[in-house]
Chemist: 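Before anything else, here's the structure in question.
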Amino acid sequence: MKFQAPKGTRDFYPAEMAWRRWLEGKWRAVSIRNGFEEVEGPIFETLELYTAKSGDEIVNQLFQVTREGSDKIHAIRPEFTPTLARMVAEKANALPKPIKWFSIPNLCRGEQPQRGRLREFLQWNIDMMGIAEPIADAECIFTTVDLLSELGLAPNMVKVKISHRDVVRRILSRLGVADDHMVATFELLDRREKLPDDVFRERANAIGLDGTALERLDQVALVRYPTSEPWDQIKARIPLPESDLEDLADLHDKLRAFGIDDWCEYDLGIVRGLAYYTGTVFEIHEITGAERAMAGGGRYDQLIESVGGPPTPAVGMGMGDVVLSLVLQDKGLLPHDVMPQLDAFVIAAAEAAQSRVPDLVATLRAAGLHARFSYRSTTNVGKLLKEAAQHHARAAVILDDNTLSADTVAVKDLATGEQTDVPSAELTSALLHSRR
RNA sequence: GUGGCUGUAGCUCAGUCGGUUAGAGCACCUGGUUGUGGUCCAGGGGGUCGGGGGUUCGAAUCCCCUCAGCCACCCCA
């Protein structure tokens, strides 16, 4: 019986695991320097947490878990936000505000695997709770941009597309969309670019939009407003009174204050399926639309209260590793060698020296050096150097008869080929010194 | 869940008018014995040709089913 990894999952062999740790390291470092603290939760929750709080799309893709002898149903986490909301709700009164948390969970969704979409993936989450003002939305976006920039991406490669559910709702309302048609209209807006004109028109008519209203809806769905434009210009193009745009105006101001307006644009066609978003929503896309969304987020001011906590405004972002790595690959930004580097490969060039290898290796390791040796019995230096080179060692440490009599070892720099004799007592410090 | 494409060694592939023990490159292992590297040379392990059924004297090759992968729809990380 031969087994294979379940559909849509990945095995992380050493090279893939090294890449994964590298990415997680970037996520973690950027989170911390932006003031976020790391949290983690269980990989499964009670089913109800998701059926009640996530959108249908996600609920339909849940992996459910049952236990022998119990009726209780759990689900493997398809997203982290419900867990986060639960954690905050549980200790809300004890937590100093604002709460700025990040996490790097693995998530599972029973989706049909395809380019950029797997059934298990990693997701970097950042969330800010306790601040209702757009400064928090802006800082979430800033932190995300900080990460993109850290990875070598630039505003000419990726774009943060920003929308606002309240603003869109008000626009639609003014166009004559009844409240009970609002969800359907959001969906229509979301899919505008993928629908043929006549289908779009047909569906809009069904909702009661035609003539001028239809044109306006089309404009809302398709027009992009660069964030780098002055607010007065943008404001003039949105068919709403100034009082309905205060939140967006404030966000605009803060994005510019953070200096990231060249990374962003307003795109009111961004709606997002998740049920709990309330205000600002945003997605990050490769600029030519080459891949799926790299990240998405938004404001969810009611969620924490809805899971039993106090009213707590919140805004957050999630970024998956799958699309991100595709984009980095497309741009040639994947790092080549992220395996842990080997500092020293210890070689015995004489049989009499072989017994000293473990002790020397132990000494190097105690000093924090990454040291290895050969498990082969040969003392053929050529073969052993080859082995050292295959491990990409920085240096080979060669023990021979001279080591025993004069108590020196030969250190060969495998990059330059330069070889020098070093007193045994100074070996550790010499290797540590050459490390940087 | 629906559709399209694809499954031959760990990887990339060759091999099909059906015909003897199924091949290459890379990777991996061993050796080239008294010592200086990723080269070279020689040798080796590894495949129920995705799986099952059928047609046939004979199937990697033809037919059916199934599984898996990729891509697309849906939606999104």
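Here the structure is a predicted model, which means the values were calculated and not measured. In the text below, chain A, chain B and the rest are named by the order of the sequence lines, each starting its count at 1.
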Chemist: Between B/G35, B/C73, B/G38, spot the one nearest the side chain of A/Asp400, thanks.
Modeler: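 The answer is B/G35, which lies nearest to the side chain.
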Chemist: Quick one: label A/Glu111 by what it contacts on the DNA or RNA (base, sugar-phosphate, nothing), any heavy atom closer than 4.0 Å.
Modeler: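 Counting heavy atoms under 4.0 Å across all strands, the contact made by A/Glu111 includes a base.
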Chemist: What's A/Arg115 touching, base or sugar-phosphate or nothing? Going by heavy atoms closer than 4.0 Å.
Modeler: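 Result for A/Arg115 = sugar-phosphate.
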Chemist: Does a salt bridge link A/Glu418 with A/Lys412, judged by any charged N lying under 4.0 Å from a carboxylate O?
Modeler: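 Result for this pair is no, no salt bridge flagged.
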Chemist: Could you work out which one of B/G35, B/C71, B/U36 sits closest to the side chain of A/Lys412?
Modeler: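 Looking only at heavy atoms from C-beta outward on A/Lys412, the closest nucleotide is B/U36.
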Chemist: Searching all strands shown, indicate the nucleotide that pairs with B/A72 (Watson-Crick or G-U wobble; both distances under 3.5 Å).
Modeler: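 Checking every strand shown, B/A72 finds its partner in B/U2, with both distances under 3.5 Å.
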Chemist: Using the side chain to side chain contact (heavy atoms under 4.5 Å, CB included) criterion, which residues pair with A/Arg365? Sequence neighbours excluded.
Modeler: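 Per chain and number, A/Arg365 pairs via side chain to side chain contact (heavy atoms under 4.5 Å, CB included) with A/Val361, A/Ala371, A/Phe373.
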Chemist: Just the atom pairs and distances: protein N or O near nucleotides 26-32 of chain B's N or O, under 3.5 Å.
Modeler:
unit_1	atom_1	unit_2	atom_2	d
B/G32	N7	A/Lys383	NZ	3.4

Chemist: Under a 3.5 Å cut-off for both contacts, is B/A60 paired Watson-Crick or G-U wobble with anything, and if yes, with which nucleotide?
Modeler: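 For B/A60, the partner nucleotide comes out as none, under the 3.5 Å rule.
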Chemist: Can you pull out every side-chain hydrogen bond (donor to acceptor under 3.5 Å, both in side chains) where at least one residue sits in residues 124-134 of chain A? Sequence neighbours excluded, please.
Modeler: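 Residue pairs with at least one partner in residues 124-134 of chain A: A/Ser31-A/Trp124, A/Gln123-A/Asn125, A/Asp127-A/Tyr300.
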Chemist: So what's B/U30 paired with, Watson-Crick or G-U wobble, going by both distances under 3.5 Å?
Modeler: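 Across any shown strand, B/U30 pairs with B/A42.
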Chemist: Just wondering, more than 12 heavy atoms not from A/Phe258 lying within 6.0 Å of its CZ?
Modeler: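 Enclosed.
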Chemist: Go through B/U2, B/G37, B/C75 for me and flag the one nearest to the A/Gln112 side chain.
Modeler: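 When the side chain of A/Gln112 is considered, B/U2 is the closest of B/U2, B/G37, B/C75.
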Chemist: Once you apply a heavy-atom cut-off of 4.0 Å, does A/Gly110 come out as touching a base, just sugar-phosphate, or nothing?
Modeler: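 It contacts nothing in the nucleic acid.
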Chemist: Which base sits across from B/C11 as a Watson-Crick or G-U pair, both distances under 3.5 Å?
Modeler: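 Checking every strand shown, B/C11 finds its partner in B/G25, with both distances under 3.5 Å.
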Chemist: Quantified in whole Å, what is the C1' atom distance between nucleotide B/U8 and nucleotide B/A68?
Modeler: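 So the two C1' atoms sit 15 Å from each other.
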Chemist: Report the nucleotide, chosen from B/C71, B/G69, B/U36, that has the shortest atom-to-atom distance to any side-chain atom of A/Lys7.
Modeler: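 Minimum distance to the A/Lys7 side chain belongs to B/G69.
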Chemist: Is a side-chain N or O of A/Arg292 found less than 3.5 angstrom from the main chain of A/Arg115, in a donor-acceptor match?
Modeler: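 Yes, A/Arg292 side chain to A/Arg115 backbone: donor-acceptor pair under 3.5 Å.
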Chemist: Reading RNA chain B from 5' onward, which residue's closest nucleotide shows up sooner: A/Ala295 or A/His391?
Modeler: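 Final value for this comparison: A/His391.
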Chemist: If the C1' atom of B/U6 is compared with that of B/A60, how far apart are they to the nearest Å?
Modeler: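 Taking atom C1' in both B/U6 and B/A60, they lie 15 Å apart.
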Chemist: Cationic tip of A/Arg372 within the cone over A/Phe345's six-membered ring, i.e. under 6.0 Å and within 45° of the normal?
Modeler: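 No; the conditions do not both hold, so A/Arg372 does not lie above the ring face of A/Phe345.
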Chemist: Between B/U21 and B/U33, how far is it from one C1' atom to the other, in whole Å?
Modeler: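 Rounded to whole Å, the distance is 36 Å.
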Chemist: Considering only the P atoms, how many Å lie between B/U36 and B/G46, rounded to the nearest integer?
Modeler: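 My reading of the P atoms in B/U36 and B/G46 gives 34 Å.
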Chemist: Take A/Ala350 and A/Gln123, find for each the nucleotide of RNA chain B with the closest heavy atom, and name the residue whose nucleotide sits nearer the 5' end.
Modeler: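 On the 5' side of the pair lies A/Ala350.
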Chemist: Using a heavy-atom cut-off of 4.0 Å across all strands, would you classify A/Leu118 as base, sugar-phosphate, or nothing?
Modeler: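 Base contact - A/Leu118 has a heavy atom under 4.0 Å of at least one base atom.
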Chemist: Is B/G47 paired to anything, Watson-Crick or G-U wobble with both distances less than 3.5 Å, and if yes, which nucleotide?
Modeler: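 In the structure as shown, B/G47 has no Watson-Crick or wobble partner.
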Chemist: With rounding to the closest Å, how many angstrom separate the P atoms on B/C63 and B/C26?
Modeler: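 It comes out at 35 Å once rounded to the nearest Å.
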Chemist: How far, in whole Å, is B/C62 from B/G25 if one measures between their P atoms?
Modeler: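 My reading of the P atoms in B/G25 and B/C62 gives 27 Å.
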Chemist: Going by an N to O cut-off under 4.0 Å, is there a salt bridge joining A/Glu150 and A/Lys26?
Modeler: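 Answer for the salt bridge query: yes.
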Chemist: Quick one: does any side-chain atom of A/Glu286 pair with a main-chain N or O of A/Thr288 as donor and acceptor, under 3.5 Å?
Modeler: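 Side chain of A/Glu286 to backbone of A/Thr288: a pair is present.
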Chemist: If I pick the P atom on B/C57 and the same atom on B/U16, what distance separates them, to the nearest angstrom?
Modeler: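 To the nearest whole Å, 24 Å.
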